[in-house]
Amino acid sequence: PIKACIFDLDGVIVDTAKFHYLAWQRLARELGFDFSEEDNERLKGVSRMDSLNILLEIGGVELEDTKKEELANKKNDWYVELITHMDKSEILPGTTEFLTLLKEADIKISLGSASKNAKMILEKIGLLHMFDAIIDGTDISKAKPDPEVFLLGAKALNVEPSECVVFEDAVSGVEAAISAGMYVIGVGSKETLHRANDVVQSLAEMTLDRLAK
Ligand code: G6P
Ligand code: MG
């Protein structure tokens, strides 16, 4: 039986991916190169510093660690500025309804995100109270595709990995869930997320029946 659902944040619950992209793009421009939407796929689910390293690799830029620290902070300041006015209207379709169904069915809910801004975002969109556990970028030492983030979620909820279902929009996140021994439902395109057990375009397609399968 399914006892818990673990949700990624960016791209599953809320469409912050566009704001991450805008901030990375601004940084790339400042460094003198272009950063395409296609390249941006590689940054989804990836931690802030790992994302910066991928960005610099794309631009062919090599920097010292202190400079990288500075740029990562700068990107985050821009990102935080972009999401200041985020509210309930940014919640992706079907999310609130599905979380409510899970609550009614007594299925536990956890967050499993690489973002250090996760709690602030959940607070802004008014969904923080729906979560029984929150595992975010401040709790983990190994980024997705490492299963750490999801295993910590299962542990916090006191359930077995085999009793969890993960919702993910990133390839790295789908791999992390598979490594954790969890059933994974991709949120996005079937082609990109072909390794997932099931794929929906948004949580609006989710029902308790589909979950039970
Ligand atoms: C999520 C997003 C990534 C982001 C990462 C770290 O996984 O998909 O695009 O880089 O979180 O987010 P943060 O808010 O800590 O910079
Ligand atoms: Mg994501």
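For ligands, and for the atoms within them, numbers begin at 1 and follow the listed sequence. Count residues from 1 along the sequence.
Summary of contacts: the protein heavy atom closest to atom 15 (O) of ligand 1 is K116 N, 2.6 Å. V46 O, 3.3 Å is the protein heavy atom nearest to atom 4 (C) of ligand 1. From the protein, the heavy atom lying nearest to atom 8 (O) of ligand 1 is G45 N, 2.9 Å. Counting protein heavy atoms only, atom 9 (O) of ligand 1 is closest to L43 O, 3.4 Å. Scanning all protein heavy atoms for the shortest distance to atom 2 (C) of ligand 1 gives D10 OD2, 3.5 Å. Nearest to atom 16 (O) of ligand 1 among the protein's heavy atoms is R48 NE, 2.8 Å.
Contact of the K3 side chain with the I107 side chain is not registered, since no non-hydrogen atoms from C-beta on lie closer than 4.5 Å. Using a 4.5 Å heavy-atom threshold, the side chains of S113 and D10 count as touching.
Taking 4.0 Å as the cut-off, S51 counts as a neighbour of ligand 1 on heavy-atom distance.
Residues K116 and D136 are not paired through a salt bridge, judged by the lack of any N-O separation under 4.0 Å between the basic side chain and the carboxylate. Look at K18 and E90 and you find a salt bridge, because one of the NZ, NE, NH1 or NH2 atoms lies within 4.0 Å of a carboxylate O, short of that distance. Between E64 and K67 no salt bridge is recorded (no basic side-chain N to carboxylate O distance below 4.0 Å).
Residues L52 and A72 come closest through the heavy atom pair CD2-N, 4.1 Å.
Residues F7 and L193 fall into different hydrophobic clusters, defined by Ile, Leu, Val, Met, Phe, Trp and Tyr side chains chained together at heavy-atom separations under 4.5 Å.
Close approach to N117 involves these atoms of ligand 1, each under 4.0 Å from a residue heavy atom: 13 (P), 14 (O). Short contacts between ligand 1 and H20, defined as distances under 4.0 Å to a heavy atom of the residue, involve ligand atoms 4 (C), 9 (O), 12 (O), 14 (O).
Although no hydrogens or angles enter the test, the distance criterion places a donor-acceptor pair under 3.5 Å between the side chain of N73 and the main chain of E69. A donor-acceptor distance shorter than 3.5 angstrom exists from the side chain of S51 to the backbone of V46, with no hydrogens or angles considered. Put simply, the side chain of E168 gets close to the backbone of A170: a donor and an acceptor are under 3.5 Å apart. With hydrogens and angles ignored, the 3.5 Å screen pairs a side-chain donor or acceptor of N197 with a backbone N or O of V184.
For the Mg ion (ligand 2), the neighbouring protein N/O/S atoms at less than 2.8 Å, given as residue and atom, are D8 OD2, D10 O, D169 OD1.
When non-hydrogen atoms are compared, ligand 1 lies under 4.0 Å from neither the backbone nor the side chain of L9.
Considering both main-chain and side-chain atoms, S115 comes within under 3.5 Å of ligand 1 through a nitrogen or oxygen pair.
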